[in-house]
Every structure is written in structure tokens, then in C-alpha cells.
Colleague: 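Below is one structure. I have some questions about it.
Because the structure is predicted, anything quoted here is derived from the model rather than measured. Chain letters run A, B, ... following the sequence lines, proteins first and then strands; every chain starts at 1.
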Amino acid sequence: MSLINAPDNVEQLMQRVQTIAGMTLASLAHSINVEIPENLRREKGWVGQLLEKLLGATAGNKPEPDFVGLGIELKTLPIDARGYPSESTYVCVVPLTHTEGLHWDNSLVKAKLSQVLWIPIEADKRIPLAQRRVGMGILWQPDTDTESKLACDYDEFIDRITLGEVESITAHQGECLQIRPKAANSSALTKGIGDEGQSIKTLPRGFYLRPSFTRQIIHQWKTK
DNA sequence: GGATGATCATAT
DNA sequence: ATATGATCATCC
């Protein structure tokens with residue numbers, strides 16, 4: 001695989017983004033000697049990892065934005081036949097212990113969502129993976145109203161976790177964000193807070209952005 | 001058909 | 001086990 005350095009500045013990053021826009025996953029993978037799987041069934045994160053390599057993302061699996069120096073998080077966005085996101089977007093792991101004093105302003109969710117480079121990717125299952133094209137990236141920041149909605153969701157979730165209600169949180173809660181399991185399987189457990197304040201073993205959870213949320217981002221971009 | 005809960009690959 | 005990259009599979 002070829003080695004691509006981290007971009008020095010936003011302009012350089014966006015120039016790379018523009019260069020790959022319109023290209024197929026097969027040609028992009030080939031350009032850096034990455035093998036392309038038949039489908040994503042066993043490699044669900046393959047597209048995201050390909051884009052990280054192409055654009056020089058550096059965070060790896062560390063809990064921080066992908067382009068640390070630029071404060072930019074990279075997210076691929078699977079786009080359906082109608083031109084809108086078809087899946088939720090994973091943000092980061094949900095803290096399930098030591099949640100006292102946690103709030104939006106000192107959260108990892110805020111750090112990651114303060115500036116996101118969304119890369120739309122064709123994801124219609126009728127298109128073979130190799131032939132799917134990459135769209136033009138969108139450098140996005142939440143507006144004031146959007147950020148307060150995110151903050152509201154986040155703080156409510158943390159409140160419930162602190163109160164020992166983690167096991168009764170479902171994906172129905174939250175306007176923009178939701179909490180869902182994020183684990184290798186249903187027997188992977190982590191430490192959490194029980195309903196009597198005791199330590200319990202529970203499923204690891206992740207924060208996700210609802211498709212309705214990312215749909216708005218795409219919609220705003222299309223109509224501006 | 002869409003959303004929820006479950007799962008897959010990889011690195012540390 | 002925890003974190004990243006996400007999509008899959010099933011149920012409603």
C-alpha cells in the first residue's frame with residue numbers, strides 16, 4: 001500500500017477530496033494497492049478505511065478526530081438510490097462509568113462533530129462495490145441550533161447513564177443522536193452503572209447520528 | 001421499507 | 001476489553 005501523509009492544511013485536504021470525487025472505489029483502491037472485497041458483509045468498515053488512507057487520516061483507532069491537527073473528523077456517508085444517507089453514522093463509544101461532570105462541552109462527541117468532512121459514497125446494493133463512486137466531500141460544522149439539539153440529546157443520555165438507567169435506554173431516544181450497542185457480539189460486556197448505583201456488566205454502546213440528521217446535511221448542501 | 005439491535009474486521 | 005471503521009439482519 002502506498003503511504004499518504006497527513007494533509008498540512010484544510011486547502012490541501014480539500015484538494016485531495018476534489019481529486020477523488022467521481023472516481024470508483026475500484027480505481028481508488030487500485031491506486032494505493034489495496035485489495036477490494038466482493039462485498040462489505042465481512043468488512044463493513046472497508047470503505048471508511050480506504051478513504052482514511054487516501055486522504056491521510058492519522059487518528060487510527062484513537063478516540064480523537066481523524067485529522068487531529070486540523071480538528072476535522074472524516075466520515076463516509078452511504079448514499080442510496082434517491083441520493084440520501086441509508087445508514088446511521090457511528091460517532092464514538094458511550095462512556096458508561098465516571099459520567100459525573102460530563103457534559104456536551106467537554107465531550108468527545110462535540111470534539112468529533114465540531115467539524116466533519118462528509119464523503120458521500122454510492123451505496124445502492126444493486127451497484128457492485130467496485131463500481132460505486134465517491135462523491136464530492138462536504139466540510140461541515142453544526143450551526144447554533146443544530147449544536148444545541150445535539151447537546152440536549154447528549155446531556156439527557158449522560159444523565160440517564162449516571163442515574164443507572166443505561167439498560168433501559170433504547171435507540172428510540174434522542175432527536176439527532178441515538179445510543180445503540182457497539183460490540184463484537186452480544187456477549188461482549190463492559191462495566192456500567194446499575195439501577196441501584198452498583199457496578200454491572202452491560203453491552204458496550206455507541207453514539208450514532210440518525211439518518212434523518214445526516215439527510216438534512218445532504219439536503220442543505222444540495223439546495224444551497 | 002425503515003429502524004433497532006446485532007455483528008464483522010482490525011489495531012492496541 | 002476498548003477503540004476505530006461501519007453495515008448487516010431481523011422485526012415491526
Side-chain angles (χ1 to χ4, degrees), chain A residues 1 4 6 25 28-29 32 34-68 72-99 107-109 111-113 116-129 132 134 137 153 157 166-192 199-216:
Chain A
M1 180 195 93
I4 294 174
L25 295 180
L28 290 170
I32 54 171
V34 167
E35 289 212 22
I36 185 164
E38 273 297 303
N39 56 60
L40 299 176
R41 187 171 177 172
R42 300 192 68 82
E43 293 184 59
K44 299 176 180 178
W46 183 84
V47 177
Q49 287 159 352
L50 176 69
L51 268 291
E52 286 186 336
K53 290 169 186 161
L54 286 166
L55 298 176
T58 52
N61 63 345
K62 296 188 288 292
E64 59 191 29
D66 294 291
F67 302 100
V68 187
I72 296 176
E73 174 71 11
L74 174 66
K75 289 292 178 197
T76 57
L77 206 46
I79 302 296
D80 65 21
R82 299 168 307 180
Y84 287 105
S86 50
E87 289 281 357
S88 58
T89 301
Y90 170 71
V91 181
C92 62
V93 157
V94 178
L96 298 180
T97 58
H98 311 297
T99 48
S107 71
L108 181 54
V109 179
K112 289 205 171 199
L113 297 185
V116 181
L117 175 57
W118 301 100
I119 310 281
I121 311 279
E122 280 183 331
D124 186 329
K125 291 194 193 316
R126 293 170 296 190
I127 309 172
L129 183 62
R132 296 181 191 176
V134 170
D153 282 349
F157 281 127
V166 62
E167 300 207 292
S168 58
I169 295 175
T170 72
H172 297 286
Q173 190 185 336
E175 180 183 349
C176 311
L177 284 171
Q178 64 181 173
I179 286 182
R180 307 213 308 274
K182 173 62 173 170
N185 55 62
S186 55
S187 44
L189 297 175
T190 189
K191 222 179 256 186
S199 178
I200 60 168
K201 287 299 222 174
T202 189
L203 272 175
R205 319 292 164 102
F207 284 114
Y208 295 80
L209 292 170
R210 295 182 180 280
S212 58
F213 184 86
T214 47
R215 214 154 24 225
Q216 285 187 33

Colleague: Over how many whole Å does the gap from A:E167 atom CD to B:dG5 atom P extend?
Modeller: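 Rounded to whole Å, this separation is 13 Å.
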Colleague: Report which part of the nucleic acid A:E73 touches: base, sugar-phosphate, or nothing (heavy-atom distance under 4.0 Å, all strands).
Modeller: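 The residue A:E73 makes sugar-phosphate contact but no base contact.
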Colleague: I want to verify a distance call: between B:dT4, C:dC8, C:dG5, whose nearest atom is closest to the A:K125 side chain?
Modeller: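 Per side-chain heavy atoms of A:K125, the pick is C:dC8.
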Colleague: To the nearest angstrom, how far is A:L129 atom CG from C:dC8 atom C1'?
Modeller: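 Roughly 15 Å, once rounded to whole Å.
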Colleague: Atom CG of A:D66 to atom C1' of C:dT4: distance rounded to whole Å?
Modeller: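 About 9 Å, once rounded to whole Å.
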Colleague: Where the side chain of A:D153 meets the backbone of A:C176, is there a donor-acceptor pair that is under 3.5 Å apart?
Modeller: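 Flag set: sc A:D153 to bb A:C176 pair under 3.5 Å.
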Colleague: Under 4.0 Å: is that the gap between some side-chain N or O of A:T76 and OP1 or OP2 of C:dA6?
Modeller: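 For C:dA6, OP1 or OP2 has a side-chain N or O of A:T76 closer than 4.0 Å.
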Colleague: For the side chain of A:R42, counting heavy atoms from C-beta on, which of B:dT7, B:dA9, C:dT4 is nearest?
Modeller: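 Side chain of A:R42 sits closest to B:dA9.
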Colleague: Within the structure shown, what part of the strands sits under 4.0 Å from A:R41 by heavy-atom distance: base, sugar-phosphate, or nothing?
Modeller: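 Here A:R41 touches the backbone only, sparing every base.
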Colleague: Say whether, by atom type as modelled, one donor and one acceptor occur between the side chain of A:R132 and the main chain of A:I121 under 3.5 angstrom.
Modeller: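 Side chain of A:R132 to backbone of A:I121, a donor-acceptor pair under 3.5 Å: no, none is there.
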Colleague: Which residue is it: A:L96, A:V93, A:T190? I am looking for the one with a side chain to side chain contact (heavy atoms under 4.5 Å, CB included) to A:R205.
Modeller: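 Of the listed residues A:L96, A:V93, A:T190, the side chain to side chain contact (heavy atoms under 4.5 Å, CB included) partner of A:R205 is A:L96.
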Colleague: With DNA chain B as reference, determine whether A:E87 or A:E43 sits nearer its 5' end, using the nearest nucleotide of each.
Modeller: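 Result of the comparison: A:E87.
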Colleague: Within the structure shown, what part of the strands sits under 4.0 Å from A:G48 by heavy-atom distance: base, sugar-phosphate, or nothing?
Modeller: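 Contact class for A:G48: sugar-phosphate only.
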Colleague: Looking at C:dA6, I'd like to know if its phosphate oxygens (OP1 or OP2) sit under 4.0 Å from a side-chain N or O belonging to A:Q49.
Modeller: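 A:Q49 to C:dA6 OP1/OP2: no side-chain N or O under 4.0 Å.
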Colleague: Counting only side-chain N and O atoms of A:H172, is one of them less than 4.0 Å from OP1 or OP2 of B:dT4?
Modeller: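 Yes, because at least one side-chain N or O of A:H172 sits under 4.0 Å from OP1 or OP2 of B:dT4.
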Colleague: Looking at A:V47, A:L54, A:I36, A:L51, which hits side chain to side chain contact (heavy atoms under 4.5 Å, CB included) with A:L28?
Modeller: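 Single side chain to side chain contact (heavy atoms under 4.5 Å, CB included) partner of A:L28 among A:V47, A:L54, A:I36, A:L51: A:L54.
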Colleague: A:A183 near the nucleic acid: base, sugar-phosphate alone, or nothing, with a heavy-atom cut-off under 4.0 Å?
Modeller: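 Base contact.
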Colleague: Just checking A:P63: base, sugar-phosphate only, or nothing, at a heavy-atom cut-off of under 4.0 Å?
Modeller: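 Sugar-phosphate: the residue A:P63, judged by heavy atoms under 4.0 Å, touches backbone atoms but no base.
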Colleague: Would you say a side-chain N or O of A:K62 is under 4.0 Å from OP1 or OP2 of B:dA11?
Modeller: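 No, no such contact exists.
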Colleague: Looking only at side-chain N and O atoms, does A:K191 come under 4.0 Å of OP1 or OP2 in C:dT2?
Modeller: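 A:K191 to C:dT2 OP1/OP2: no side-chain N or O under 4.0 Å.
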Colleague: If you only use heavy atoms from C-beta on, which nucleotide in B:dT7, C:dG5, C:dT7 is closest to the side chain of A:S88?
Modeller: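 Among B:dT7, C:dG5, C:dT7, the one nearest the side chain of A:S88 is C:dT7.
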Colleague: Contact class for A:L51 vs. all strands (heavy atom < 4.0 Å): base, sugar-phosphate, or nothing?
Modeller: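 Counting heavy atoms under 4.0 Å across all strands, no contact is made by A:L51.
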Colleague: Just call it for A:R205: base, sugar-phosphate, or nothing, with non-hydrogen atoms closer than 4.0 Å on any strand.
Modeller: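 Contact class for A:R205: none.
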Colleague: Take A:N39 and A:V94, find for each the nucleotide of DNA chain C with the closest heavy atom, and name the residue whose nucleotide sits nearer the 5' end.
Modeller: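 Residue closer to the 5' terminus by nearest nucleotide: A:V94.
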Colleague: As a test of reading the structure: which of C:dT4, C:dT2, C:dG5 is closest to the side chain of A:E52, going by heavy atoms?
Modeller: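 The listed nucleotide nearest to A:E52's side chain is C:dG5.
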Colleague: On the nucleotide B:dT7, are OP1 or OP2 found under 4.0 Å from the side-chain N or O atoms that A:K182 carries?
Modeller: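 No, outside the criterion.
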Colleague: Once hydrogens and angles are ignored, does a donor-acceptor distance under 3.5 Å link the base of C:dA6 to the side chain of A:Y208?
Modeller: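 Counting by modelled atom types and ignoring angles, a donor-acceptor contact under 3.5 Å is found here.
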Colleague: Considering only B:dT7, C:dA6, C:dT4, which nucleotide approaches the side chain of A:N61 most closely?
Modeller: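 Taking heavy atoms from C-beta onward, the closest nucleotide is C:dT4.
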Colleague: What's the closest nucleotide to the side chain of A:A171 if the choices are B:dG5, C:dT4, B:dT7?
Modeller: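 Within the option list, the nearest is B:dG5.
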Colleague: Can you check the A:F213 CZ to B:dA3 C1' distance for me, whole Å?
Modeller: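 Value for this atom pair: 18 Å.
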Colleague: Counting side-chain heavy atoms from CB outward, which of B:dT7, B:dA3, C:dG5 is closest to A:R215?
Modeller: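 Selected nucleotide (nearest to the side chain): B:dA3.
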Colleague: So, the side chain of A:K112 versus the backbone of A:D66: is there a donor-acceptor pair under 3.5 Å, distance only?
Modeller: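 Not confirmed, A:K112 side chain does not pair with A:D66 backbone.
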Colleague: Could you state the atom-to-atom distance from CG of A:L203 to P of B:dG5 in whole Å?
Modeller: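 Distance, rounded to whole Å: 11 Å.
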Colleague: Tell me: CG of A:N185 to C1' of C:dC8, nearest whole Å?
Modeller: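 A:N185 atom CG is separated from C:dC8 atom C1' by 14 Å.
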Colleague: Does the side chain of A:R180 get closer than 4.0 angstrom to OP1 or OP2 of B:dT7 through an N or O atom?
Modeller: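 The answer is no; no side-chain N or O of A:R180 sits under 4.0 Å from OP1 or OP2.
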Colleague: Just compare B:dG2, B:dT4, C:dT7 and give me whichever is closest to any side-chain atom of A:L40.
Modeller: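 Comparing B:dG2, B:dT4, C:dT7 against the side chain of A:L40, the answer is C:dT7.
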Colleague: Are A:Y208 and A:I179 packed together at the side-chain level, in the sense that at least one heavy-atom pair is separated by less than 4.5 angstrom?
Modeller: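 The answer is no, as the side chains (C-beta and beyond) never meet within the 4.5 Å cut-off.
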Colleague: Grab the CZ-C1' distance between A:R210 and C:dT7 for me, whole Å please.
Modeller: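 Interatomic distance, CZ of A:R210 to C1' of C:dT7: 17 Å.
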Colleague: Using 0.5 Å steps for rounding, measure from the CZ atom of A:R215 to the CG atom of A:L209.
Modeller: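 These two atoms lie 12.5 Å from each other.
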Colleague: Starting from P on C:dT4, measure out to CG on A:L55 and report it in whole angstrom.
Modeller: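 Spelled out: CG on A:L55 to P on C:dT4 is 19 Å.
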